[in-house]
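Source: prediction; values computed, not measured. Numbering starts at 1 and runs along the sequence shown.
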Amino acid sequence: MSREPVSLASALASFSEQWSPRIVTAVNDYDVRIAKVEGEHVWHVHDYTDEFFLVLDGELHIALREPDGERTVVLPKGSVFTVPRGTEHKPYAPAPAAILLLEPTGTSTVGDRHDDVPAHVDATTGHALT
């Protein structure tokens, strides 16, 4: 990881792929990742970790399957939300958006269990920022 400040705007400008996060830094055993998103991700669940979302630009919707049923949270720019471990969820961006994620290093973008992964979703543990 770089020991220099990272401009999130410059980092986001350095790639164009959707749903393909870049690791901008690490905090203890966690990656700080940024991603460009649009359209649907995939229903998935992280069995052992929460997943933190911060919307940097645009708007993100997260559908959740909870014990009381399904609901969707809407996150405008500047909003944060944490999906609790073990909660099945599917992020969706109705228009291009940018997000920041905080997850333990090595966490897969499609979780521990997931539906079929569409071609536009990158099943990865994050890519180095170049």
Side-chain angles (χ1 to χ4, degrees):
M1 291 296 131
S2 173
R3 295 185 51 115
E4 296 298 323
V6 175
S7 161
L8 292 180
S10 295
L12 284 163
S14 73
F15 66 98
S16 60
E17 296 84 3
Q18 300 284 328
W19 299 111
S20 183
R22 300 305 193 265
I23 301 167
V24 293
T25 192
V27 178
N28 297 316
D29 298 330
Y30 282 75
D31 288 339
V32 178
R33 304 173 184 178
I34 56 171
K36 292 180 177 181
V37 298
E38 184 177 13
E40 294 188 353
H41 193 266
V42 62
W43 279 106
H44 66 285
V45 63
H46 301 277
D47 290 326
Y48 306 105
T49 186
D50 300 334
E51 187 171 23
F52 173 86
F53 292 85
L54 164 62
V55 179
L56 300 171
D57 194 32
E59 181 177 273
L60 183 70
H61 300 203
I62 304 174
L64 303 161
R65 290 181 176 154
E66 299 173 312
D68 293 340
E70 284 191 21
R71 71 180 177 117
T72 298
V73 295
V74 177
L75 307 173
K77 179 179 178 178
S79 296
V80 299
F81 184 77
T82 300
V83 175
R85 71 190 72 200
T87 301
E88 194 172 9
H89 60 288
K90 179 172 76 169
Y92 168 76
I99 60 174
L100 182 143
L101 303 145
L102 183 63
E103 300 177 300
T105 299
T107 299
S108 170
T109 57
V110 295
D112 301 304
R113 294 177 281 122
H114 54 80
D115 286 349
D116 290 339
V117 179
H120 71 276
V121 172
D122 186 7
T124 180
T125 56
H127 299 282
L129 189 61
T130 55

### Query
Is there any salt bridge (Lys or Arg N to Asp or Glu O under 4.0 Å) pair reaching into residues 7-17, and which pairs are they, with sequence neighbours excluded?
Glu17-Arg22
#### Entry: Value rounded to 0.5 Å, distance of CG in Asp112 from CZ in Arg85
11.5 Å
### Summary
Contacts of Thr49 meeting side chain to side chain contact (heavy atoms under 4.5 Å, CB included) (sequence neighbours excluded), chain-then-number -> His46, Pro104, Thr107
### Message
Using 0.5 Å steps for rounding, measure from the CZ atom of Arg33 to the CZ atom of Phe53.
### Response
10.5 Å
### Validation row: Glu66, Arg71 side chains within 4.5 angstrom (heavy atoms)
yes
All N/O donor-acceptor pairs, side-chain side in residues 73-82, below 3.5 Å, sequence neighbours left out:
| unit_1 | atom_1 | unit_2 | atom_2 | d |
| --- | --- | --- | --- | --- |
| Ser79 | OG | Pro76 | O | 3.0 |

### Query
How many angstroms lie between OG1 in Thr72 and CG in Leu64, if you round to the nearest 0.5 Å?
7.0 Å
#### Entry: Rounded distance (nearest 0.5 Å) linking atom OH of Tyr30 with atom CG of Leu101
13.5 Å
### Query
Under 4.5 Å between any side-chain heavy atoms of Ile34 and Phe15, yes or no?
yes
### Query
Who pairs with His61 by side-chain hydrogen bond (donor to acceptor under 3.5 Å, both in side chains), at least two apart in sequence or on another chain?
Glu59
### Query
With Thr124, which residues qualify under side chain to side chain contact (heavy atoms under 4.5 Å, CB included), at least two apart?
Pro21, Thr109, Asp122, His127
### Task
For Asp29, check side chain to side chain contact (heavy atoms under 4.5 Å, CB included) against everything at least two apart and list the hits.
none
Enumerate, atom names and distances included, each donor-acceptor pair closer than 3.5 Å involving a side-chain atom of residues 86-98, sequence neighbours excluded.
| unit_1 | atom_1 | unit_2 | atom_2 | d |
| --- | --- | --- | --- | --- |
| Thr87 | OG1 | Pro84 | O | 3.1 |
| Glu88 | OE1 | Arg65 | NH1 | 3.4 |
| Glu88 | OE2 | Arg65 | NH1 | 3.0 |
| His89 | ND1 | His44 | O | 3.3 |
| His89 | ND1 | Thr87 | O | 2.9 |
| His89 | NE2 | His44 | NE2 | 3.0 |
| His89 | NE2 | Glu51 | OE1 | 2.7 |
| Lys90 | NZ | Glu40 | OE1 | 3.2 |

## Note on the structure
Residues at least two apart in sequence or cross-chain that pass side-chain hydrogen bond (donor to acceptor under 3.5 Å, both in side chains) with Ser10, listed by chain then number, are Ser7
### Query
By side-chain hydrogen bond (donor to acceptor under 3.5 Å, both in side chains), which residues pair with Asp116, not counting sequence neighbours?
none
### Message
Test of understanding: with side-chain hydrogen bond (donor to acceptor under 3.5 Å, both in side chains), list the residues that count as partners of Glu38, not counting sequence neighbours.
### Response
none
